[in-house]
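In what follows, a structure is listed as structure tokens, so that the remarks can point back to it.
What's counted below: heavy atoms across the whole structure, side chains too, no hydrogens, waters or symmetry copies. Each chain gets a letter, A, B and so on, in the order the sequences are listed, and its residues count up from 1. Keep in mind that what you see is a predicted model, and the values were worked out from it rather than measured.
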Amino acid sequence: DARVTQTPRHKVTEMGQEVTMRCQPILGHNTVFWYRQTMMQGLELLAYFRNRAPLDDSGMPKDRFSAEMPDATLATLKIQPSEPRDSAVYFCASGLMGVLQPQHFGDGTRLSIL
Amino acid sequence: QQQVKQSPQSLIVQKGGIPIINCAYENTAFDYFPWYQQFPGKGPALLIAIRPDVSEKKEGRFTISFNKSAKQFSLHIMDSQPGDSATYFCAVVNDYKLSFGAGTTVTVRA
């Protein structure tokens, strides 16, 4: 059963440190999404890639967040420098192109910034 | 700005009951209306979805009712089971973009 794999599952670090979250999309999927989930804001789209090209990162704080896809099997989300308000669960999802295609979510990275 | 409003925030039913979750939207440009189910410690997973040209869709014990003129859609869980206890999110899709409702935590008591 193909799955989106995210690492690490949990990360605790101090304010100001760089954080890198990784995602392995399902093989063959050509769209990748990054979401953030918090109690206050719910699930928010941070970034969207199609065929490894970033098409929408309007949901991301540009000054500290960056998202890349070095190759088709790896997507990364970096926060530098991290702040306590970045504490959240970060999800990666992948899918095939097309409005009716479902997004398949990983199990997330739970990030705590002290 | 939330594209879709979801209610209630939480819901408790007895086994066999029918929890109903409602969602309302404003923008008429949406292509697709999915529901996602999320268990603690897991990512959301697609449960069922409906296109705007259909008024009802059933998959197993899950039914979506869609009212285009009222801009509302709802999820019914028939013969609910304790294993259905989870958080349910409605969503609206415009092109690639999924916008989620705030979520409803459903608890099914045995």
Does [X] have more than 12 heavy atoms from other residues, nucleotides or ligands lying within 6.0 Å of its [atom1]?
X       : atom1 : answer
A:Gln80 : CD    : yes
A:Glu14 : CD    : no
A:Lys11 : NZ    : no

Reported [atom1]-to-[atom2] distance for the pair [X] and [Y], which is rounded to 0.5 angstrom:
X       : Y        : atom1 : atom2 : result
A:Phe91 : B:Gln38  : CZ    : CD    : 4.5 Å
B:Phe89 : A:Gln37  : CZ    : CD    : 5.0 Å
B:Asp31 : A:Leu100 : CG    : CG    : 8.0 Å

Worked verdict on A:Glu44 versus B:Ser99 for side-chain contact (heavy atoms from CB on, under 4.5 Å) | CA-CA 7 Å; A:Glu44 306 172 277; B:Ser99 298; over 6 Å; no
For A:Tyr48, enumerate each residue passing the ring pair (Phe, Tyr, Trp, His ring centres under 6.0 Å) test, keeping only those at least two apart in sequence or located in another chain.
->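 A:Tyr48: ring pair (Phe, Tyr, Trp, His ring centres under 6.0 Å) contacts with A:Phe33, B:Tyr96.
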Is [X] in contact with chain B via its backbone, its side chain, both, or neither, using a 4.5 Å heavy-atom distance?
X        : result
A:Gln103 : both
A:Leu45  : side chain
A:Arg110 : neither

Do you reckon [X] sits in the same ILVMFWY cluster as [Y], going by side-chain contacts under 4.5 Å, direct or chained?
X       : Y        : value
A:Met60 : A:Met21  : yes
B:Val4  : B:Tyr88  : yes
A:Val12 : A:Ile113 : no
B:Ile77 : B:Leu11  : yes

For B:Gly43 and A:Asp107, which heavy atoms make the closest approach, and how far apart are they?
->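 It is N-OD1, 3.2 Å.
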Can you name the nearest heavy-atom pair linking B:Gly41 to A:Arg9, along with the distance?
->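 What the structure gives for the nearest pair is O-NH2, 3.2 Å.
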Heavy-atom distance under 4.5 Å between the side chains of B:Pro44 and A:His104, does that happen here?
-> no
Ranking A:Pro102, A:Gly108, A:Gly98, A:Cys92 by heavy-atom pairs under 4.5 Å to chain B gives rank one to A:Pro102
Taking A:Thr31, A:Leu55, A:Val4, A:Asp56 one by one, which has the highest count of heavy-atom pairs under 4.5 Å against chain B?
->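 Maximum pair count with chain B is reached by A:Asp56.
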